[in-house]
Structure formats: C-alpha cells, structure tokens
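Working notes, beginning with the structure itself.
Naming: A, B, ... by sequence-line order, numbering from 1 per chain.
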Protein chains: 2
Amino acid sequence: MQTLIVDLAERSYPIYIGERLLDKPELFKRHLEGEQVLVVTNEVVGPLYLEKTLSALDVPVKLSLVLPDGEAYKTLASAEKIFDFLLGHRFSRNATLIALGGGVIGDLVGFAAACYQRGIAFIQVPTTLLAQVDSSVGGKTGVNHPLGKNMIGAFHQPKCVIADTQTLSTLPDRELRAGLAEVIKYGLIYEATFFAWLEENIERLLRRDPSALEYAIERSCRIKAEIVGADERESGLRAILNFGHTFGHAIETGTGYGRYLHGEAVAIGMSRAADLSRRLGLLEEGEVARIIALIRRAGLPVASPPELDSQKFLELMAVDKKNLDGKLRLILLEAIGKATLPRSVPIEILKETLRQSSFPLPTQIVTNDKNPGF
Amino acid sequence: MQTLIVDLAERSYPIYIGERLLDKPELFKRHLEGEQVLVVTNEVVGPLYLEKTLSALDVPVKLSLVLPDGEAYKTLASAEKIFDFLLGHRFSRNATLIALGGGVIGDLVGFAAACYQRGIAFIQVPTTLLAQVDSSVGGKTGVNHPLGKNMIGAFHQPKCVIADTQTLSTLPDRELRAGLAEVIKYGLIYEATFFAWLEENIERLLRRDPSALEYAIERSCRIKAEIVGADERESGLRAILNFGHTFGHAIETGTGYGRYLHGEAVAIGMSRAADLSRRLGLLEEGEVARIIALIRRAGLPVASPPELDSQKFLELMAVDKKNLDGKLRLILLEAIGKATLPRSVPIEILKETLRQSSFPLPTQIVTNDKNPGF
C-alpha cells in the first residue's frame with residue numbers, strides 16, 4: 001500500500017492506494033467522525049462492494065443509500081435525496097458520508113457532504129481508474145444542471161481517499177482505457193520520467209497488473225496534489241490540469257454525451273493540443289509522434305470526430321466555461337512533461353489542427369469499430 | 001458612514017454602515033467582480049429599493065430576480081430558480097450576485113453564490129435590522145429543509161456588506177424591535193459598556209434615530225466580527241452567539257413558526273438564560289433585573305409562552321441541532337457583558353426557569369395584545 005498525503009494545511013488528508021484496501025477496517029476507523037455513517041453508492045457498484053464496505057465500518061449507526069447509476073443522476077435532485085435521508089435518520093453534523101463509486105458518486109456525495117449542515121466529513125472510495133486518479137485530489141464536488149455540467153458545486157476536501165486497486169478488476173475495458181487518458185495527461189503536463197515509465201509499462205496497466213496500477217495511481221495523484229497544493233482555488237497553475245479538456249468538452253457536447261467517454265474525448269483533445277503545440281513551434285515533431293503512439297497503444301482515439309467540422313468544433317470550444325468572456329485560451333506543451341499556462345492561440349492555426357480528422361493508423365493495433373477516430 | 005473591516009485573511013471584507021448608502025455607487029463599484037450582476041430581492045423589498053440599487057450599478061449586464069417573500073421560500077427550490085436564471089443568462093464564474101432584502105434573501109442568495117460554479121462573488125444589502133446586525137458577519141448561508149431550518153448550506157463570505165440605515169425607515173415596528181433583541185444580545189454576551197449605552201439610548205433606537213442606529217449596528221457587527229474572527233468555523237467561542245437561541249428555537253417550534261418572530265423568541269430565551277444563570281449562582285439578582293428591564297423597554301417579551309409547559313419546552317430544547325447527541329448544553333451569563341461557553345445544566349433547575357411563565361409587568365409600558373408574554 002502507498003500512502004500519499006495531500007498537503008492543504010488543516011485540511012490535509014491521506015490517499016491510500018493498494019490492493020484489497022476494503023479489507024482493512026483500520027483505514028476507515030482512523031478517519032470516521034461521530035457515530036453515524038452513511039455509505040452512498042449506485043446500482044452497479046453497490047452489489048459488488050457495498051457489503052464489504054459496510055463490514056469495514058465499526059460504528060453504531062451505518063446505513064446505505066443506493067442511487068441509480070449514471071451521469072444523468074448527478075443532479076440537485078439526487079443531492080436532495082441524500083439530504084432527505086440524512087435528516088430522516090437524524091444525522092448530526094458530526095457524521096460521515098462515504099462515497100463508494102466512480103466520479104459521479106464522488107462528486108455528488110462530496111457536494112452533499114459540503115452542504116449538509118454547512119459541511120460534514122466525507123470519505124471517498126473511488127472504484128474507477130478515472131475517479132482514483134482524478135477525483136481523489138482537488139476537493140471539487142458538484143452536480144450538473146440541465147444547462148451545463150458541474151455548474152453547481154463546492155470545494156470540500158475528504159477526510160481520506162481509499163483507492164482499492166482490486167475494485168478495478170470489475171471495471172469494463174473501455175472505462176479502464178478512458179482512465180488511462182488522464183494518467184497519460186499527468187506525464188505530459190508535468191513529468192517526462194513518468195511519461196517514459198508509461199511508454200514502458202502501458203501493456204502491464206492494460207492487463208491490470210496490481211503493482212503497475214498502484215504505481216501509476218500514486219504517481220498521478222501525487223502530480224495532481226503538487227499542482228493543486230500550489231493553487232487550491234484554481235487561479236493559475238491548476239489550469240494545466242485542463243490540458244486537452246477544452247477540446248474534449250467540445251467533442252463530448254458536439255457528438256452528444258455518451259458517444260465518447262470523457263477520457264476518450266480527452267485523449268483526442270490531448271493529441272489535438274500536441275499537434276497545435278507543434279504547429280506553433282513549441283513542441284518537436286518527434287515528441288508529438290511519441291504522444292500519439294502512447295495514446296494509441298492505450299487503446300484510445302487521437303483524431304477529431306469526422307462529423308465535427310472545424311467551424312462547429314471551434315464554436316463549441318468557445319462556449320466552454322473557461323472561455324465565457326469570448327477569448328479562447330488553451331494549455332499547450334513545450335515538451336513532454338512541460339505544459340504552458342493558458343495562452344491565446346491564432347484561430348487559423350487552431351482550425352488547421354481541428355481539420356486534421358485522422359492519422360495514419362499504426363500497424364500494431366486493431367481499430368475498434370465502436371470508437372471511430374482511433 | 002462607518003466602515004468596519006471583517007478580518008478573515010484573504011477573505012476579509014468591509015461592512016459599510018450609514019444613511020443613504022444606496023445613493024453611493026462608488027461603494028458597489030469597489031467590489032463588483034466581472035461585468036455581470038444579478039440583484040435578487042423579494043416582492044416586499046423590491047418595489048422599495050430595487051430601482052435605486054440597480055441605478056447604483058455601473059456594469060454592462062445588470063439583471064434582477066424578484067422572489068416571493070418569506071421564510072417558506074428559503075428552500076433548495078428557490079436556490080434552483082437562481083441557478084436557472086444565472087445559467088439561462090450565461091453568467092460566468094466571474095459575476096456578482098447582490099442580495100437585497102432581509103435574512104431570508106441574504107442566506108438564500110449567499111448559498112446560491114457559494115454553489116454557482118463552486119463559488120462566485122456576492123454583496124449583501126441587508127434591509128432589516130436583524131439582517132444588518134446578524135447576517136452581515138459570519139459567512140453562514142443556507143436554506144431550510146422540511147425537516148429542519150438551515151440544514152443545507154455553506155460558509156461563504158461576501159465581498160462587502162452595505163447596511164443602509166435609511167432602508168430601516170420602511171421596516172414594521174415589530175421587526176425593528178425583533179432586531180433589537182439581537183443588538184441587546186451582543187451587549188449581554190460581550191460588552192457591558194455597550195449594554196449600558198443601550199440602556200441610555202433604547203428610545204432613540206425605537207424612534208429610528210439614524211446616528212443611534214448607525215452606532216448600534218456598527219457596535220453589534222464589530223462584536224460579532226471579533227467573535228467570528230477568532231473562530232470562523234464555529235468550534236468554540238462562536239457558540240456564545242447562540243445565547244438565548246436554544247430556548248428561542250424551542251419557542252419558535254413549539255408555538256408554530258410565525259407566531260413569534262425570531263427576535264421575539266430570542267428575547268424570551270435571553271431572559272430565561274439570565275434567570276437560569278441567577279439560579280445557578282452565576283449572575284446577580286440586580287443584573288437580571290437590568291436585563292429584563294431593557295428587553296421590556298425594547299418592546300419585547302420576556303416570559304415563556306403560557307401554553308408551552310416545562311416538559312414540552314425541555315423536549316423541544318433537546319432536539320435543537322446543537323444538542324443532537326442528547327446532552328443539553330447552554331450558554332449562560334457570569335455578568336452583563338460576559339457569557340460562559342456552553343455547559344451542561346441540571347435539568348431540575350432548568351425546569352424551574354422554564355416554569356416561570358410570567359413576570360410582573362413594568363408600569364411604564366403598555367402590553368401588546370398580539371404578543372403574549374411581555
């Protein structure tokens with residue numbers, strides 16, 4: 001087991017990463033506040049890990065709430081269900097919520113914990129690779145609004161994060177790969193040696209080698225923690241975490257949510273951002289080739305969706321919430337392991353990048369017909 | 001005009017207190033973020049002060065949203081209306097909300113500001129005495145749940161508070177007196193000289209003398225700011241602000257919300273807490289008499305509601321949210337100007353205090369038939 005401390009003064013907390021951590025009641029015990037605990041999970045994760053989680057809790061009152069699965073339920077109405085449950089069972093402000101599931105459950109339960117009686121304790125038990133490397137650090141919680149994702153939320157830090165790599169054994173392949181997109185992102189924006197390690201070990205990760213997963217998750221969380229620790233409220237450096245995401249959000253919106261997984265859209269976004277960096281003379285041709293190759297080896301797409309023409313793509317990027325004032329600023333790369341702060345880009349060059357809707361396919365992998373654009 | 005800085009490191013903000021401050025656009029200008037402003041108010045305050053407030057705002061986009069008046073609308077559904085409006089008008093995270101109204105509007109709009117895109121700027125323009133001396137300091141925001149008041153909320157500090165004493169000219173007498181209950185509380189728990197000033201000046205306040213109001217509001221906010229500044233997250237000292245409130249909440253619940261105004265219930269609660277302090281040997285008889293006399297001169301009730309027997313009263317106090325673990329802890333007085341931290345009290349003595357449902361009426365004021373218990 002690896003333990004990483006996210007250093008945020010009086011709100012510091014540990015992330016525990018390793019195999020079969022749900023079998024270690026002492027990890028929970030250290031961080032439970034009060035005598036009342038509510039575990040919130042969904043209909044997919046609940047049957048797999050709820051019983052095990054409840055067994056690990058040594059408190060007088062331990063209840064559970066199982067919500068429907070999916071982004072469609074990351075709403076204020078779901079948060080209200082949690083409030084109803086907490087008040088209906090007379091939970092005090094000295095209670096603990098546990099979020100057992102992927103990013104949707106983590107964001108939703110964290111938000112409910114942030115608002116219940118103006119903030120109670122919560123523990124994250126992320127069960128997807130994406131949640132383990134992304135939601136574990138940063139304190140972002142929230143729900144969607146019909147007019148925009150994550151538009152209602154709060155910053156609220158967990159008491160601890162328990163990332164059990166064993167829970168990834170039940171994760172569908174496609175979701176594992178989507179999580180790897182964010183892992184690759186950390187190497188790209190911050191640490192060339194980690195990127196090189198990924199080039200060496202991507203196949204081990206794809207076959208879910210526990211020690212490789214533990215290493216990659218710890219490294220990813222540590223990089224995110226360093227960035228967030230330097231900039232908790234997202235004013236400067238933290239923006240580099242959005243590398244590939246302005247492109248990615250545009251793809252998700254432009255193709256209809258659900259067609260691409262978030263990580264797949266980000267994978268395309270990172271390849272577009274790398275290509276744009278090269279066109280602007282920031283990044284060498286050879287490094288772009290390494291980036292594209294690794295993303296492809298992870299089984300992820302790199303090319304713009306063919307049906308999204310560059311004009312439409314551009315419009316979608318301009319309405320991303322980071323760009324509501326009309327200026328389009330993007331995170332680019334100066335090298336593998338070194339992102340730039342957001343900078344304005346010439347629209348004509350950006351359009352060239354967007355227009356490039358396909359790359360020659362590498363010979364060693366087979367395309368997946370369900371996911372165009374590989 | 002008085003300016004009081006609430007010192008909370010990077011979240012510090014000024015409270016401006018004085019006559020006709022809504023006629024000073026420069027006060028708003030200093031604190032507006034971005035180019036989009038939404039003023040949220042209610043159907044009572046809107047017709048009186050919305051136009052004036054909008055005139056004071058020098059920004060490209062200034063919109064308003066008028067909600068129904070009353071505690072019944074301090075709900076998640078009202079917060080959702082604000083989110084709908086903000087997203088419908090494409091408000092960015094670099095926008096400002098203005099809360100124009102009493103405590104309900106302040107708490108609700110503050111909560112919406114805390115959650116919209118994980119926190120945007122907001123300015124409070126409190127238009128009741130209670131809101132000016134209570135909601136201006138502390139950063140507490142929130143909405144009610146059918147099962148409890150203020151159960152969903154956040155800590156979120158305003159960019160500034162603009163307390164225009166002129167807006168109190170339209171406040172009903174009964175609400176003015178209810179606000180004075182909280183003013184008296186600050187003298188009682190923290191500053192004997194302020195209590196003595198109130199004994200000298202209560203009639204000036206009742207006839208809304210602007211300079212007396214300005215002084216009393218500034219002094220009240222300063223006391224609250226000192227207490228909150230020492231304890232932003234409500235772990236220790238801040239509890240003394242709840243002086244009289246555990247009794248008060250029980251009265252509000254036990255008599256049906258709306259029968260007593262919050263300040264009236266707190267006035268009774270303070271007189272009960274003073275009486276209890278005397279019974280426990282903490283406070284001198286003469287000081288209790290001064291406290292009861294001042295509360296009465298402010299036109300406020302001091303005796304328990306006759307229909308609330310001591311057993312019922314006790315049960316209601318035990319379910320107040322500060323006491324969910326079953327122990328009844330109360331703030332008491334050691335002297336005028338000096339509150340104790342919460343302490344357990346012997347139930348039998350507490351019952352004696354609760355049983356005392358009336359005091360001999362002073363000769364100099366006339367009772368108000370609509371408000372039993374004076």
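Between chain B and the options P146(A), C115(A), G142(A), the largest number of non-hydrogen pairs under 4.5 Å is found for C115(A). Ranked by heavy-atom pairs under 4.5 Å with chain A, the list V143(B), T141(B), N94(B) is led by T141(B).
Using bins of under 30°, 30° to 60° and over 60° for the plane-to-plane angle, the ring pair F313(A)/F247(A) lands in the perpendicular bin.
Around the CZ atom of F85(B), the shell of radius 6.0 Å holds more than 12 heavy atoms that belong to other residues, nucleotides or ligands.
In this structure, K185(B) contributes its side chain and G244(B) its backbone to no donor-acceptor pair below 3.5 Å.
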For this session: Carefully, step by step, assess F111(A) and H156(A) under the rule ring-ring contact (aromatic ring centres under 6.0 Å, His included).
Result: CA-CA 7 Å; F111(A) 179 63; H156(A) 191 54; 9.8 Å; no
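Both the backbone and the side chain of D84(B) come within less than 4.5 Å of a heavy atom in chain A.
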